[in-house]
Participant: 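Let me give you the structure first, and then I'll get to my questions.
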2 protein chains.
Amino acid sequence: MNTHDLDGLSQRATGLVIELSAAIVAVTDEEPKILLVSPSEPAPRSGLPAGPFDPAGHRTLEEGLRSWVEEQTALHLGYVEQLYTFGDRFRDPQERAGGPRPVSVGYVALVRQTALKNTDKSPGESTWGDWYRYFPWEDWRDGPPALLDALIAPRLAAWAEAAGPKPDKNRRRERVNLAFGFDGGSWDNERVLDRYELLYEAGLVFEAVFDAHRDPAEAAAQTGAALIKDHRRILATAMGRLRAKIKYRPVIFELMAPTFTLFQLQRAVEALSGGRLHKQNFRRLVAHEGLVEPTGHISSQTGGRPAELFRFRREVVHERPAPGVRVAVQARKRAG
Amino acid sequence: MNTHDLDGLSQRATGLVIELSAAIVAVTDEEPKILLVSPSEPAPRSGLPAGPFDPAGHRTLEEGLRSWVEEQTALHLGYVEQLYTFGDRFRDPQERAGGPRPVSVGYVALVRQTALKNTDKSPGESTWGDWYRYFPWEDWRDGPPALLDALIAPRLAAWAEAAGPKPDKNRRRERVNLAFGFDGGSWDNERVLDRYELLYEAGLVFEAVFDAHRDPAEAAAQTGAALIKDHRRILATAMGRLRAKIKYRPVIFELMAPTFTLFQLQRAVEALSGGRLHKQNFRRLVAHEGLVEPTGHISSQTGGRPAELFRFRREVVHERPAPGVRVAVQARKRAG
DNA sequence: TCAAAAGTGTTATCCTTACACCCATGT
DNA sequence: ACATGGGTGTAAGGATAACACTTTTGA
C-alpha cells in the first residue's frame with residue numbers, strides 16, 4: 001500500500017487520488033493495540049491498512065475501506081467511523097517526486113480481543129502494535145510520562161520562542177500550553193491531535209524531518225515511532241475521537257469479549273483513556289448507568305477473589321440520551 | 001457551481017472530483033440563517049457555496065474551500081470546521097448522466113451578524129435563508145412541531161412496517177424510534193443527521209424522490225425545502241455538530257457581535273439548539289462558567305428594562321477544560 | 001398601568017468524589 | 001499471612017433545575 005502502486009493507473013492523469021486508511025484498534029491484555037501493515041517496498045516504516053478509493057467499483061467510501069481492509073488483513077470489521085479527511089500538500093514524499101496529490105480519508109475501527117487471535121496468522125504482513133509506541137507522551141497510566149518534562153517541554157519552548165514577530169511567538173506559546181497543559185493548565189486526554197500537530201510543526205517527530213527532506217540525523221530528536229505518510233496523524237485523530245466517544249457512547253463494548261469482569265472493563269477504558277480510574281466509583285457508575293448486567297457466571301481467573309461476569313446491556317441506548325462510560329480520568333495535576 | 005462546469009477539465013478523465021462545500025451559519029434577529037447560492041443553470045433548487053478541490057492550486061482542503069467561498073460570496077470566513085466526507089454513489093443526478101463521481105467534503109463556518117449586512121449586496125446570487133426552512137421538524141422553540149405527529153410519524157411507521165423480513169422491520173422501527181424519540185424515548189437535538197437520513201431512506205424528502213428519478217408528484221410528501229445534490233445532508237451534519245459543540249466549546253461567540261446582552265446570547269443558543277432555555281439558570285450558568293464579563297455599558301434597545309452589555313472572556317479556554325454553554329434544552333417530553 | 005425583559009434569592013435533588021471498610025481467593 | 005482484586009456503605013460538596021419574587025424601562 002504505497003503510492004507507487006498507482007503509477008500508470010487512470011488516477012495518474014488527474015493528479016488526484018483518494019486514499020482510504022483505517023486505524024484498527026483492539027485491547028489485548030489490558031493494552032491498546034493497533035493493526036499495522038509493513039509495505040513490501042524498502043520502506044523503513046510501517047503504516048495503517050489503506051488503499052485507494054475506486055470511483056468505479058466502490059459504492060461508498062466506507063465500503064471501499066472495508067474491502068481494502070479485508071483484502072489486506074483478512075479481518076472483518078464491525079464498528080467503523082469516519083474521522084477526518086486530510087489533504088495537506090507534501091505530507092507524502094512521493095508527491096514531490098511527481099506522484100499524484102493524495103487526499104486521505106481516515107477511519108477508526110474497533111475489533112474484539114477474540115478477533116485478534118484469528119488474525120495472528122493473517123495473510124500479508126499485518127501485525128498488532130502497541131499504540132502508545134507511537135505516542136509515548138499520551139500514556140499517563142503510571143503517572144506523567146518523563147518524556148514530557150525531559151524532552152518535549154524544553155524543545156517546544158525553544159520552538160515557540162524562535163525568531164519571528166512577537167504575536168506569532170505568543171500564539172505558539174499559547175497553543176503549546178493549552179495542548180500540553182504546561183503553564184498551570186490541565187492535561188486534556190482528548191487533545192491528542194493538537195499535541196501531535198504541534199510536535200510535527202516543531203519538527204520533533206520523525207515524519208516532519210523526513211517530509212522536509214532535512215538531515216535524518218535530526219531524527220535523534222524523535223519522539224515516538226514513525227509511520228508512513230500521514231498515518232500517525234490519522235492515528236492521533238482516532239485516539240482523540242475514541243477518548244471523547246467512550247464518554248457518551250457505549251463504544252468500549254466493541255472491544256470487549258461477550259462477557260467480562262468489571263475490572264477488565266475498567267482496564268480497557270484505562271487503556272484507551274491513558275489514565276487511571278477510581279475503582280469503586282467506576283463500578284457504581286457502569287451499574288448505575290445500566291450499561292452492564294450480570295450473567296450469573298463467575299470467573300476465577302482474576303488473581304484475587306473470583307469476579308462476576310457481566311455483559312453489555314444493549315437496551316441502554318433506548319433509555320438514556322448519551323450512554324457511555326462518563327468517567328473522569330483521575331486528576332493528576334502536573335507539577336509546575 | 002455545478003458539475004457541468006467540470007466537463008472537459010482534467011478531472012473528467014479520472015471520473016473523480018472532490019467537491020468542497022460549506023454550510024455558512026449566522027444568527028440574525030434571533031433566527032439561524034444559512035448562506036445559499038442559486039446556480040444560474042435552470043435548476044429549481046439552490047445549494048451551498050461549493051467548488052471543486054484543485055490538486056494543483058490548493059495547498060490544503062480548507063484553503064481550497066475558503067477561496068471558493070470568497071470568490072462566490074465575497075465573505076471572509078473566520079471559524080471553519082470540517083464535518084464529514086460523503087461519497088455515496090448517485091447522490092448527484094449528474095453522475096448517472098456520465099458525470100464524474102463526486103466526493104464531497106462538507107464544512108461548517110460561522111460568521112457574525114455584523115458580517116451579514118456587508119454581504120447583502122454581495123456579488124453573485126448568494127442569499128441568506130432560514131435554516132429551519134430545510135428542517136422544520138428540528139425547531140422545537142414553540143413546542144413540538146405539528147409536522148412530526150401529523151406527517152412524519154405515520155409515514156415513517158409505514159415505511160418501517162413495509163414488506164421485508166422481520167429483522168429488517170425491527171431494525172427500521174428501532175432506528176426511527178431512537179432518532180425521533182417516538183416510542184417513549186426523548187428527543188435528542190443533536191441527532192439531526194440520523195433523522196434526515198431516515199427521511200431520505202423512507203423517500204420523504206424531495207431529494208430522495210428526485211435522485212431516484214421517481215414521479216416528482218411524490219414530492220407532495222415533501223418535508224422541508226430541498227437543496228441540490230447532498231447539500232441538505234451536509235447542512236444536517238452541520239446542525240448536529242454545532243448543537244453538540246456549543247455545549248463544550250465557546251463557538252457560540254463566533255456568531256455574536258463583540259458585545260451583547262445575556263438575553264441575546266440566550267436567543268442565539270436557542271436558535272441553534274432549537275429549544276427554549278431556562279432564563280435565570282442560563283444567566284447564572286454563563287456567569288458561573290466565566291464565559292462572559294460585563295463591559296459596564298448598558299443597552300436600552302431591549303424592549304424592557306435596559307440590560308448590561310457583556311463580552312466574551314477569551315481567557316476562559318485556559319481556565320476550564322471544556323468551556324461551553326452546557327445548557328440542557330428544556331425538557332418537553334413528547335406525548336405518547 | 002401593563003407588558004417585557006433584567007436581575008436576585010432559595011430550595012430540593014442529583015451526581016461526583018473521596019474515603020473507609022469487609023470479602024474471597026491463590027500463593 | 002498477605003497480596004490481589006471483588007464488592008458495599010456513606011458522607012461532603014458541587015452542580016442543576018425549578019420556584020418565587022423584585023426592578024426597571026417603553027408603550
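These numbers come from a predicted model, not from an experiment. Proteins get letters first, then strands, A, B, ... in listed order; numbering begins at 1 in each.
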Participant: Could you say whether Pro306(A) or Glu289(A) is positioned toward the 5' end of DNA chain C, judged by the nucleotide with the nearest heavy atom to each?
Facilitator: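 The residue closer to the strand's 5' end, by nearest nucleotide, is Glu289(A).
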Participant: Using atom NZ of Lys247(B) as one end and atom P of dT16(D) as the other, report the distance to the nearest whole Å.
Facilitator: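 From Lys247(B) NZ to dT16(D) P: 13 Å.
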Participant: With under 30° as parallel and over 60° as perpendicular, where do the rings of Phe135(B) and Trp137(B) fit, or are they tilted in between?
Facilitator: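 Answer is perpendicular, since the angle exceeds 60°.
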Participant: Taking atom types as they are modelled, would you say the side chain of Arg283(A) forms a donor-acceptor pair with the base of dG5(D) within the 3.5 Å cutoff?
Facilitator: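 For Arg283(A), whose side chain was compared with the base of dG5(D), there is no donor-acceptor pair (under 3.5 Å).
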Participant: Given dC15(C), dA24(C), dT10(C), identify the nucleotide with an atom nearest to the side chain of Arg284(B).
Facilitator: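 Comparing dC15(C), dA24(C), dT10(C) against the side chain of Arg284(B), the answer is dT10(C).
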Participant: What nucleotide, of dT16(C), dG7(D), dA5(C), holds the atom closest to the side chain of Phe263(B)?
Facilitator: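 When the side chain of Phe263(B) is considered, dA5(C) is the closest of dT16(C), dG7(D), dA5(C).
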Participant: Specify the separation, in whole Å, of atom CG of Leu265(A) and atom P of dG6(D).
Facilitator: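 Rounded to whole Å, this separation is 11 Å.
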Participant: Using whole Å, what does the distance between atom C1' of nucleotide dG6(D) and atom CZ of Phe260(A) come to?
Facilitator: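 To the nearest whole Å, that distance equals 16 Å.
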Participant: Ignoring hydrogens and angles, does a donor from either the side chain of Arg267(A) or the base of dG5(D) sit under 3.5 Å from an acceptor on the other?
Facilitator: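 Side chain to base: no pair below 3.5 Å.
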Participant: With nearest nucleotide decided by heavy atoms, which residue, Ile298(B) or Gly304(A), maps closer to the 5′ end of DNA chain C?
Facilitator: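 Taking each residue's closest nucleotide, the earlier one in sequence belongs to Ile298(B).
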Participant: From the list dA18(D), dA6(C), dG6(D), which nucleotide is the closest neighbour of the side chain of Thr261(B)?
Facilitator: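 For Thr261(B), the side-chain atoms sit closest to dA6(C).
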Participant: Run the side chain to side chain contact (heavy atoms under 4.5 Å, CB included) test on Ile34(B) and Tyr134(B) for me, step by step, so that the C-alpha distance in whole Å, both residues' side-chain angles and the decisive distance to 0.1 Å come before the verdict.
Facilitator: CA-CA 10 Å; Ile34(B) 180 79; Tyr134(B) 302 93; 4.2 Å; yes
Participant: Is a donor-acceptor pair below 3.5 Å formed from side chain Arg305(B) to base dA6(C), judging by atom type as modelled?
Facilitator: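 Checked by distance alone, the answer is yes.
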Participant: With no angle test and no hydrogens, is the base of dG6(D) tied to the side chain of Lys279(A) by a donor-acceptor pair under 3.5 Å?
Facilitator: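 Result: at least one qualifying N/O pair found.
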Participant: Output the rounded distance in Å from CZ (Phe282(A)) to C1' (dG6(D)).
Facilitator: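 Taking atom C1' of dG6(D) as the reference, CZ of Phe282(A) is at 14 Å.
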Participant: Determine whether a donor-acceptor pair (N or O, by modelled atom type, separation under 3.5 Å) exists between the side chain of Asp130(B) and the backbone of Tyr132(B).
Facilitator: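 Answer holds: yes.
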Participant: In whole Å, I'd like the distance from the CG atom of Asn281(B) to the C1' atom of dT13(C).
Facilitator: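 That distance rounds to 13 Å.
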Participant: With a non-hydrogen cut-off below 4.0 angstrom, is Gln280(A) in contact with a base, only sugar-phosphate, or nothing?
Facilitator: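 Counting heavy atoms under 4.0 Å across all strands, the contact made by Gln280(A) includes a base.
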Participant: Roughly, in whole Å, what's the span from CZ in Arg276(B) to C1' in dA5(C)?
Facilitator: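 Interatomic distance, CZ of Arg276(B) to C1' of dA5(C): 14 Å.
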Participant: Between His278(B) (NE2) and dA18(D) (C1'), how many Å, whole number?
Facilitator: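 After rounding, the gap between these two atoms is 5 Å.
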Participant: Does Arg276(B) qualify as a cation-pi partner of Trp140(B), given the criterion of NZ or CZ under 6.0 Å from the six-membered ring centre and within 45 degrees of its axis?
Facilitator: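 Ring-cation test returns no.
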Participant: Can you tell me the distance, in whole Å, between the CD atom of Glu30(A) and the P atom of dT4(D)?
Facilitator: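 Value for this atom pair: 14 Å.
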Participant: Please answer whether the main-chain N or O of Gly290(B) pairs with a side-chain N or O of Arg313(B) as donor and acceptor at a distance below 3.5 Å.
Facilitator: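 Yes, because the side chain of Arg313(B) sits within donor-acceptor range (under 3.5 Å) of the backbone of Gly290(B).
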